[in-house]
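The structure appears right after this line, and notes come after that.
Lettering of chains follows the sequences in order, A, B, ..., and the numbering in each one begins at 1. Values in this document were obtained by computation on a predicted structure and should not be read as measured data. Excluded from the calculations below are hydrogen atoms, water molecules and symmetry mates; all remaining heavy atoms, backbone and side chain alike, are included.
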Protein chains: 4
Amino acid sequence: MTEVLQQSRARARQRRILDAALRVFSRKGYRDASVDEIAGESATSKGGVYFHFPGKEAIFLHLLNRTASQLRTKAEEAMAAHDDPIAKADAALLAVLHTFAKHRALARLFMVEAMGAGREFQQRMAEIHAEFATIIREHLDDAVAQGVIAPIDTEIAGRAWFGALNEVITNWVILGEQERLEDAYAALRPLLMRSVGVADSQERVS
Amino acid sequence: MTEVLQQSRARARQRRILDAALRVFSRKGYRDASVDEIAGESATSKGGVYFHFPGKEAIFLHLLNRTASQLRTKAEEAMAAHDDPIAKADAALLAVLHTFAKHRALARLFMVEAMGAGREFQQRMAEIHAEFATIIREHLDDAVAQGVIAPIDTEIAGRAWFGALNEVITNWVILGEQERLEDAYAALRPLLMRSVGVADSQERVS
Amino acid sequence: MTEVLQQSRARARQRRILDAALRVFSRKGYRDASVDEIAGESATSKGGVYFHFPGKEAIFLHLLNRTASQLRTKAEEAMAAHDDPIAKADAALLAVLHTFAKHRALARLFMVEAMGAGREFQQRMAEIHAEFATIIREHLDDAVAQGVIAPIDTEIAGRAWFGALNEVITNWVILGEQERLEDAYAALRPLLMRSVGVADSQERVS
Amino acid sequence: MTEVLQQSRARARQRRILDAALRVFSRKGYRDASVDEIAGESATSKGGVYFHFPGKEAIFLHLLNRTASQLRTKAEEAMAAHDDPIAKADAALLAVLHTFAKHRALARLFMVEAMGAGREFQQRMAEIHAEFATIIREHLDDAVAQGVIAPIDTEIAGRAWFGALNEVITNWVILGEQERLEDAYAALRPLLMRSVGVADSQERVS
DNA sequence: GATGAATGAGACTTCATTCAT
DNA sequence: CATGAATGAAGTCTCATTCAT
C-alpha cells in the first residue's frame, strides 16, 4: 500500500529529525539550537521539520520523553536480573549510569539543558526526576517489607539517591572527560548503601 | 569629595540593577528576561544598565557570584557556632537551606535557571557546586582526622550530600509551596549522617 | 462509457472543491484561507485540489466568475418578467439583492474580500462591477429611447446605482444581522428613481 | 533639552515611516507589502519600524485613521465656505474627490486595499464610511429642516451618495488614468441632486 | 487520479547591543 | 553619566506549490 509506505517513510523521517535534534541540542544547548540547524543536520527542510513537529519546544519534549522511557526500560531490564530489592535499586542506578556514560549528549540534555530551557520543561523534568526517585523508593519499600533494611523514610531516600547520582553525572557532563563515570559510582555506592542502613557488601562492579 | 559621592551613588545604582535583575530573572528565567525589563524594574534606562554592566550575561554572572558568596558567608557563620566537625557540616547545609527557603527566587536562579542559561554559566555553576561540596568535604575530613567517623571517600561524600540537598531544593522550587523546606531536611539529615557512618543523634532543628 | 463517468465525477469533485472554497474564503477571507483547509472541507487532499485547479488564485477566480454568472442569470430572469425598462432595471437590482440576502457568504466574497485579495482580482472585480452597471445602463438607455425618462448620462447613472447598492450591501455584510437587506432597498429605491427623474410609483413587490 | 530633541526626531521618524508605508502599501497592497520594504523605503531598519509601531497592522491602522482625519478636515473646510446645506454636502464630496484625485495612492489604500486586508480593517473601514455618510446626512437633515428639500430618508441618502462616489473613485483607481476624476463628479452631481429632489443648478465646478 | 510528505522562500517579530544627544 | 532611539542579526513559523508513490 502506498499509505503504509508513506507512513513508514514519515516515521523514519521523524526519527531522523529527532536524532539530529538530539545532536544539535546537546552541541548548542536548547536556547542556542536553531530549527534551521536541526533541519540541516537531518537532511530535511525547515518546513519538513514543522510538518512533523509543531515546533522546537515539541521536539525537545519528544526527546525528553523518549529518553526517559528508554532509560526506564533499561533500568527495569537491569532490575529483572536481581531478586534482592536493594540489589535491584542498585542495578537501576547503575543501568542509568551506563546509559549516560555511553551517551554523554543524552546526559547533557537530560541533566543540564532541560532545566533552563524554560518553565515548561522544568515541570516535566521534575516529573521525570520524580519517576526515577519513585522507582528507587519502591524497591527500598520492598526491602523494608522484607526486613532487609530498617524502616526509614524511603521517599526522601529515593530522592536523595537520585540527587546524589544526578550531581555526579552532571559534574561529569560539564567538566571534560576526567574519569570513567562508572568509577564515580563505585565510590558513591557504599555511601548510598550506608545511608539506608545496609552494611557494605562490595559484591559487584559493572 | 564629589568623587566619593559619585562612587557610592554608582555602587547604589549597581545594586539596584542587580536586585531588579534578580527579580526579573527569577520571574522570567534567564532567556526570557529582557534587559529592557531589568532597566524598567531598576528605574534606569537601558543605556544605564549598559553603563554599569557589559551585558546581560555579566549581570547574571555577578548575581551568581554575589549569591554564592553570601551563601558561603552564611554557611561559615553557621559553622562557627559548632565545634564538632559533623555538626559544622550539618549546620552549613541547614544554613544554605534556610537562605533558600526565605528567598525562593534566589533558589530558582541558583539551582534551576543557571544550568540552562548557556555553556558559560554551566561551567561557573559546576565550580560553585564544587565549592560547596568542598566545604562539606573539608569538615568530613576533619571528622575523619578526629576519629569521629571512619575513613571514607570524603570527596564523593561531599558531592553526594550536596546533590541530595540540591534535588530536594530543586523539587521544592519547581513544584509549588507544598511543605516547609526545612522539614524536608529533617527527613534528609539522618540519611546523610548514616551515609558517613554517624549514628543518628536527633539533636537539633533550629 | 468509463470516460463519461470519469468526466462527470471529475466535475462533481470540482464543484465540491468550489463549494468548500466558498465556505472557507468567506469564513476566513482570501488571504487567511489555506489550501489545506479547502482540501479538508471538500473531503479531498491537497494534491487533489491542485489536480483540479492550478492554484488558490484560480479557485478564487472561478468562484468569482461562477458567482457573477449566476447573478447575471438571476438578474436577467427577473427582468424578463417586466416590460417597462425602468421596472426591468429595478427588478435586476432587487434580484441581486435577494441573492446576496440569502447567501451572505457570497456577498462577503463578492463585495469585500475580492477587492483586497490582490491586484489580479481588483481588475476582474472592476470588470464585474462594470458588467452590472452596464446592465442597468442599457435599460436606462431603453427608457430614454422610449421617452420614459428624460435624457441623462446613463453610464454614470448605472455606476451610481450600482455603487449605492454596493455600499448598502457591504454595510450589511460587515456589520452583523441588523435589518433585512430588502428593507434597505425599499428605502433606497425612491432615491434611485428620483435620481433619473422618475416620479415615485410604489408599484412593486419583494 | 535632549529629551525634546529626541522626541521631535522620533516624531519625524514616525512620520517618515508612515509616509513610506503609504507608498509601499499602495504599490503592493497590504498583504504583499513587507515590513522590510517599508523599513527600506523609510531609510530605517526593520527594528526601527518595530520600535515605533507594534506591527504591520498598527501601521496600516494609523495610516487609515490619519487619512480619514485629514479627509474630514478637508471636507469641513470646504463646507465652511457655504451656507446652503445642499451646497455644503456637495462641497464635502468635491473636497474628498479633489484629495483623492491628487493622491491616487491614498485613494487606493482607502477605497480598495483596506477592505481585503483582513477582518480587523473591514470593521474600521465600515466605521469610516459611516462617518462620511453621516456628514452628508447631517447636512441633508439641515436642508430638510430649512425646507430646501422635501423630507426623505436622509440616512439612506447619505449612504447612497457615498456609495455612488465610492464606486466612481474605485473605478478610477483601478482602471488606469482615463479621465479626470473631477469630470466624473460633474456627471454624477445632477444625479445626486435629483435623488434628493433638488432641481439641477449647474452652478459650480471647482 | 489521489495522496500527503516535503520544500523553501519569505513573513513577522524580538532583543542584545550601540551611540548620538 | 543617563537616555532611549536605532540597528540588524537571528529566530520561529506559515503555506502555496511540487512530486514520488
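One interatomic measurement links the two molecules: NZ of C:K56 to P of F:dT18, which rounds to 15 Å at whole-angstrom precision. F:dT12 atom P lies 8 Å from atom OH of A:Y30, rounded to whole Å. Rounded to an integer number of Å, the gap from CZ of C:F53 to P of E:dG1 is 14 Å. Atom OH of D:Y50 and atom P of F:dA5 are 18 Å apart (whole Å). Whole-Å rounding puts the B:I17 CD1 to F:dA2 P distance at 8 Å. A straight line from CG of B:D36 to P of E:dT13 spans 18 Å, rounded to a whole angstrom. Taking atom CG on A:D32 and atom C1' on E:dC15, their separation rounds to 14 Å, with Å as the unit. Taking atom CD of C:Q14 as the reference point, atom P of E:dA2 lies 11 Å away to the nearest angstrom.
Checking E:dT3, E:dT7, F:dG11 against every side-chain atom of C:R13, the shortest atom distance belongs to E:dT3. For C:H52, counting side-chain heavy atoms from C-beta on, the closest listed nucleotide (F:dT7, E:dA2, E:dA16) is E:dA2.
Residue A:F51 is classed as a base contact, given a heavy-atom separation below 4.0 Å to a base. Residue contacts for B:A33: at a heavy-atom cut-off of 4.0 Å it reaches the sugar-phosphate backbone alone, with no base atom in range.
Across all strands shown, F:dA10 pairs with E:dT13; the Watson-Crick or G-U wobble distances both stay below 3.5 Å. When Watson-Crick and G-U wobble pairs are counted only if both distances are under 3.5 Å, F:dA20 pairs with E:dT3.
A residue-by-residue look at D:G47 and A:V35 shows that D:G47 has its nearest nucleotide of DNA chain F further toward the 5' end. When each of D:A43 and B:T44 is assigned the nucleotide of DNA chain F with its nearest heavy atom, B:T44 is the one assigned upstream, toward the 5' end. For D:P54 and B:G55, each mapped to the nucleotide of DNA chain E holding its nearest heavy atom, the one lying further toward the 5' end belongs to D:P54.
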Kindly indicate, with the supporting measurements, whether the criterion side-chain contact (heavy atoms from CB on, under 4.5 Å) is fulfilled by C:R11 and C:R16.
CA-CA 9 Å; C:R11 217 169 301 153; C:R16 252 197 4 249; over 6 Å; no
Derivation and outcome, salt bridge (charged side-chain N to carboxylate O under 4.0 Å, His left out), residues B:R31 and B:E113:
CA-CA 9 Å; B:R31 86 180 201 135; B:E113 298 298 344; over 6 Å; no
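Rounded to the nearest 0.5 Å, atoms OG1 (B:T44) and CZ (B:R13) are 4.5 Å apart.
For the pair B:K56 and B:Y30, the cation-pi criterion (under 6.0 Å, within 45° of the ring axis) is fulfilled.
Among the candidates C:L63, C:I38, C:L22, the single residue satisfying the side-chain contact (heavy atoms from CB on, under 4.5 Å) test with C:I17 is C:I38.
For A:K46 against F:dG11, no side-chain N or O and base N or O form a donor-acceptor pair under 3.5 Å.
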